[in-house]
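Everything below concerns the one structure shown next.
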Amino acid sequence: MGRLDPLFEAVTEHSRIVIALMLILTVIVGAGAGSIDQSSSLDQFQSDTEESQKLSYIESNFSTDSENTTSTQLIVRDDNVLDKETLVGIIELEQRLQANETVSKTLVENNSVVGVSNIVATAAIQREIGGELQQKAARFERLNATVTEESAQLERERVALQERRTELNDTADRLQGALDTIRADRNADIRTQFEQVQANSSVDISDDYATFETAAEQLRNATSRDEIEAAYTQGTQGVLADQFTALRQRGAELEDRGQELQTKATELKELGQEVASLQAELEANANPSLDTQLEQLRSMNQSEIDATLSLVFGSNSDSGGAFGFMPTSFDPDSGSANATMLIVSHTTDGSGGAGAAPDRIVDAQLAMQTITSDTDDGSDVLVFGVGIISDEINRSMADSLAIVGPLALLFVVLALVIAYRDFVDIVLGVFGIGVVLVWTFGFMGWAEIPFNQMMIAVPVLLIGLSIDYAIHIFMRHREERNNRHTASDVRGAMRVGLVGVGVALLFVTATTVIGFLANLTSPIPPIKDFGVVSAVGISAAMLVFGALVPALKIEIDEFLEGRFDLDRKKEAFGTGGGRFGDVLAAGATAARKAPYVVIVLALLVSAGGAYGAAQVDTSFNQEDFLAQDPPEITKDLPGPLATSDYTAKDNLEYVNENFLREDSQAQILVEGDIANAETLRKLDAARSAAAEKDSVQVLSNGEPDIQGPLSVMETVAAENESFNATFQNADTDGDGVPDRNLDEVYAQLFETAPDQAGGVIYQSEDGDYAAARLVISVKGGASSTAVTEDMRAIAGDINGNGLEATATGQTILFKIVQDNLLQTVIESLIITLIAVVAFLMLTYRLTEGSATLGFVTILPVILSVSWILGTMFVLGIPFNILTGMITSLTVGLGVAYSIHLSERYNQELERADSMWEAMQTSVTGTGGALLGSAATTVGGFGVLAFAILPPLQQFGIITGITIIYAFLASVLVLPSLLVVWTRYVGPDEMETVESTPSAGEVPAED
């Protein structure tokens, strides 16, 4: 009796207790299934690497555009998207988007929708306003110069007039003094007094002596006060009468000119107000409302639009960003294009990730799809964004489950109908599968393992593998019921059957679990989860089909035979002889006739497979998770089986080929002494080097889209005179790269444009400039390998002299996942092989007394690993998140077939008369069960080919082929290996029973 026999006997002896305990455990464990979360984000596949840490550093310390925002790309396609009708239609579309409640509540506050239509309308508005402003500003300048000049001239003349008045008054005073002298001294000479006044005055009074002389004579002869005053008046005012008259006339003229100047000043003030108003209007219309833009476009004819387009796409245009909305093949000189892009910016709550989006963004982008599908202007609008991708990934998961689950179950039922040909056994098998699934999903809920894209394969995996257990147990039970040498009653046959096949099932379970748990070495979290969940599921299958289902069968068969006198004896599949038995015995026949030839042929095929294995690619990118639009026939399936429309993959390919992807960027983080001239020179060299890389996206104007400290400085300098002066002053050699006073340059940059500066330079809390970054737009269709190599080369050129540069970004993180996948393939295979070989050799040594039998058992599986990898190369199937586990899965699943045959062969050796009889009985007896289990497993995995998710399709195909190879290796190659093992290291008594024929020798039939 084997050491595990009592355990299996307990199941048959206490069947009702086993049933009760298993059902209670099913309820308890299954209760966790309701708390399973779903995750479709590609971020979950990323591990904690230096690159991911640096990306988190960037997101935490730089004012990145993606911080709590996301965008939708709308591609408008028409015969000419730059004609008036289409440009107007695009603005009208934008209005409909903003009017939709679902969309509007997600939009950012400013510039929520931007495209060429907006740029053209804004440029036209600013051009009109700017033209009027320019005219009035020029008029203002001319009038201001005139008023200024005339005001200054008037003031000068007024001063001169005042000086003349003063001079005249001074001369009048001197004339009065001379008259006083003449009056007091009658002997005073009148001419002498007059000449003295003239000599001391700047006023020319030489022609007025006669008037003065007359006044002096009158003064000397005056007898009354009136005569005296009259003489004085004539001697002063009379002498200066002409000068005072001229003075008054000049004063009146200046007064008139002052009034005219005041009128001009009033006009200047009004004109200044108009200029200020136009300036404010120009600034306000830097971001005009959609209504204003629409009105502007409608008011223009095509010639005016063409002129504005020439301005927008001209070499001297300030709207260089307009090229980012045009196809990369756009020729600005043509004036036409068949597509253009709109960018719609949304706010997020910070959740989501690559391939995932918050529900509100998903709803908004789906609403945008609905809105754009209603356009009646003949244009075609493509909506692309993370919400669309997330929705399609989630729908493809649901559609895949809806198709794959029923198909897998249907195939298994059909296979069981063929193999069992018994309704009760079919129901027990399906019930057992249901219990296994309940245990597995219950465990996921309790363990808080989310349901992701990979987990769709779990139900199929468990359906196929669980039914293997049922087939082996039921077929062995049927054999024993028809075996005249053992107990043939229900309970006794089940006891013998369980004892006979139970060890093999335990070995199969252990090796399969080892294969799946080998994925715990993977650095990719979902692969670890998949390995754990699958291992738990397989263990559950062993418990359910090794205890619950046998116990139920015992109770049901005894009830049917005892109560209704029904004969429950059935013939085991493949044991009835005939052509099918001959087919199963082919491996045994070859082993008897030419075992070494079989082994050599297997090795040659394996060598070819190994060569192909070295050529298999590894893939991990967003496109892997996007479904192709399925055939129309699948959309017409009934009810929940009907699939949806899928457009994201085709749209993604179109955007990659024709436009700048908003989410396709690589970043280079530079840490160290950033406020250093040498650092800026390195950044400038890096920018130039990036522009030469094939993976970098080049816009239709021939320029790459690269943002960094220097590009931001150049942009701000072009818009701000003060910063431009600082920027130019810091560039002593005129090469466009500041080489002195960088602290001052950075400080003014942050003061002038804080958001732009914060996007490329990190200033720490203590004021140090600690890091800078380059943001490089890469081609959406570029391979992650090419992008990573290019960016790391650029970062390598920056490294050194106290600087640490790291290439990061989503594409580079995907490349790391891709490398981790290859690491998973290699490490999991090595660990699985070592663990399974050690396990089988140890367990066979303990149970059968021969460790070498364990090694011989695993050899066909090792060969089949090279076969399946070679097949992957031939079919062009890469290692991805699912197929990357195929090596360990091949060993874990494939060894089951070898174990069953080896275990049965070892048992038959004890009771057969010769090794040939033992081999014949083993292959025909176990081979039928193996074929049945292989058929159900292949069929189960084969239905994954109908899944919507591409990785699932590939996984289903390659796993189905894996099972076929494992089955063929077990029934064709393993018999020859067992013959060789029996000859050299097998039981001694076998050598005395019958000698083994050499290769090519056919022994006489017994």
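Quick caveat: nothing in here was measured; it's all calculated off a predicted structure. Residue numbers start at 1 and run along the sequence shown.
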Kindly compute the distance separating CD (Q748) from CG (N720), expressed to the nearest 0.5 Å.
7.0 Å

May I have the step-by-step check of salt bridge (Lys or Arg N to Asp or Glu O under 4.0 Å) for K54 and E671, ending in yes or no?
CA-CA 10 Å; K54 296 301 184 183; E671 299 172 277; 2.7 Å; yes

For the residue pair M791 and S695, what are the closest heavy atoms and their distance?
CE-OG, 4.2 Å

Counting only heavy atoms not in N80, do more than 12 fall under 6.0 Å of its CG?
yes

Rounded to the nearest 0.5 Å, what separates atom CD1 in I388 from atom CZ in R395?
8.5 Å

Report yes or no: does T340 contribute a side-chain atom to a donor-acceptor pair with the main-chain N or O of M326 at less than 3.5 Å?
no

Value rounded to 0.5 Å, distance of CD in Q667 from CD1 in I58
4.0 Å

Are a donor atom and an acceptor atom from the side chains of T72 and H346 found within less than 3.5 Å of each other?
yes

Residues that K136 engages under salt bridge (Lys or Arg N to Asp or Glu O under 4.0 Å), provided they are two or more places apart
E274

To the nearest 0.5 Å, how far apart are CG in L774 and CG in L710?
8.5 Å

Would the distance check show the side chain of S104 and the main-chain N or O of N100 forming a donor-acceptor pair, the cut-off being under 3.5 Å?
yes

Taking atom types as modelled, find out whether N880 and Q818 have a side-chain donor-acceptor pair closer than 3.5 angstrom.
no

Keeping the roles fixed (side chain from T292, backbone from P288), state whether a donor-acceptor pair exists under 3.5 Å.
no

Would a distance-only check, ignoring hydrogens and angles, find a side-chain to backbone donor-acceptor pair under 3.5 Å from T106 to V103?
yes

Stepwise, does the side-chain contact (heavy atoms from CB on, under 4.5 Å) test hold for L342 with F325?
CA-CA 7 Å; L342 294 176; F325 298 98; over 6 Å; no

Go through N656 and L652 one step at a time and tell me if the side-chain contact (heavy atoms from CB on, under 4.5 Å) criterion holds.
CA-CA 6 Å; N656 285 343; L652 178 61; 3.8 Å; yes

I need the single residue from L311, L82, I125, L309 that forms a side chain to side chain contact (heavy atoms under 4.5 Å, CB included) with V120. Which is it?
L309

Taking the side chain as C-beta and beyond, is there a heavy-atom pair between I761 and L749 under 4.5 Å?
yes

Just checking E295: does its CD atom have more than 12 heavy atoms from other residues, nucleotides or ligands closer to it than 6.0 angstrom?
no

Side-chain heavy-atom pair M341, I343 within 4.5 angstrom cut-off:
yes

Is the closest side-chain donor-acceptor distance between Q95 and D291 under 3.5 Å?
yes

My understanding is that only residues two or more places apart in sequence, or in another chain, count here; which of them pass salt bridge (Lys or Arg N to Asp or Glu O under 4.0 Å) with D684?
R687

Rounded to the nearest 0.5 Å, how far apart are OG1 of T726 and CD of E751?
9.5 Å

So, do D380 and D78 sit near enough that their side-chain heavy atoms are less than 4.5 Å apart?
no

Angle between ring planes, Y769 versus Y746, binned at 30° and 60°: parallel, tilted or perpendicular?
perpendicular

In plain terms, say whether E92 and R298 are close enough for a salt bridge, that is, a side-chain N and a carboxylate O under 4.0 Å apart.
yes

Hey, does Q296 have a side-chain heavy atom less than 4.5 Å from the side chain of E128?
yes

Hey, can you tell me if Y762 and Y57 have their rings parallel, tilted or perpendicular (30° and 60° cut-offs)?
perpendicular

With side-chain contact (heavy atoms from CB on, under 4.5 Å) as the criterion, how do M455 and I449 come out once you've worked through the C-alpha distance, each side chain's angles and the decisive distance to 0.1 Å?
CA-CA 10 Å; M455 294 300 175; I449 295 176; 3.9 Å; yes

With the threshold set at 4.0 Å, does a side-chain nitrogen-carboxylate oxygen contact exist between K649 and E392?
no

Do E51 and T806 meet the criterion of a side-chain donor-acceptor pair at a distance under 3.5 Å?
no

Any donor-acceptor pair under 3.5 Å from K84 side chain to M300 backbone
yes

Let me see the working for N118 and E94 under side-chain contact (heavy atoms from CB on, under 4.5 Å), right down to the final yes or no.
CA-CA 10 Å; N118 309 97; E94 293 177 18; 2.7 Å; yes

Quick one, N338 and R77 - any side-chain contact, counting heavy atoms below 4.5 Å?
no

Exercise: identify the closest heavy-atom pair between S664 and G780:
OG-CA, 3.6 Å

At their closest point, which heavy atom of V113 faces which heavy atom of Q98, and how far apart are they?
CG2-NE2, 4.0 Å

Distance-minimising heavy-atom pair for F723 and V745:
CE1-O, 3.5 Å

Spell out, as yes or no, whether a donor-acceptor pair under 3.5 Å connects the side chain of D391 to the backbone of G387.
no

Within this structure, what is the OG1-CD1 distance for the pair T86 and I90, rounded to the nearest 0.5 Å?
6.5 Å

Taking atom CG of D331 as the centre, report whether more than 12 heavy atoms of other residues, nucleotides or ligands fall under 6.0 Å from it.
yes

Min side-chain heavy-atom separation V655-L382 under 4.5 Å:
yes

Whether T370 side chain and L366 backbone form a donor-acceptor pair below 3.5 Å:
yes

Please report the closest heavy-atom contact between D694 and D790, naming both atoms and the distance.
N-OD2, 4.2 Å

Between N287 and T122, is any pair of side-chain heavy atoms under 4.5 Å apart?
no

Look only at the side chain of T715 and the backbone of S711, and say whether a donor-acceptor pair between them is shorter than 3.5 Å.
yes

Indicate whether the side chain of D48 and that of Q53 have a donor and an acceptor atom separated by less than 3.5 Å.
yes

Within the 4.5 Å heavy-atom criterion, are F384 and T647 side-chain neighbours or not?
no

Does the plane of the ring in F313 sit parallel, tilted or perpendicular to the ring in F323? Use 30° and 60° as the thresholds.
perpendicular

If you look at every heavy atom in I91 and S117, which pair is closest and at what distance?
CD1-CB, 3.7 Å

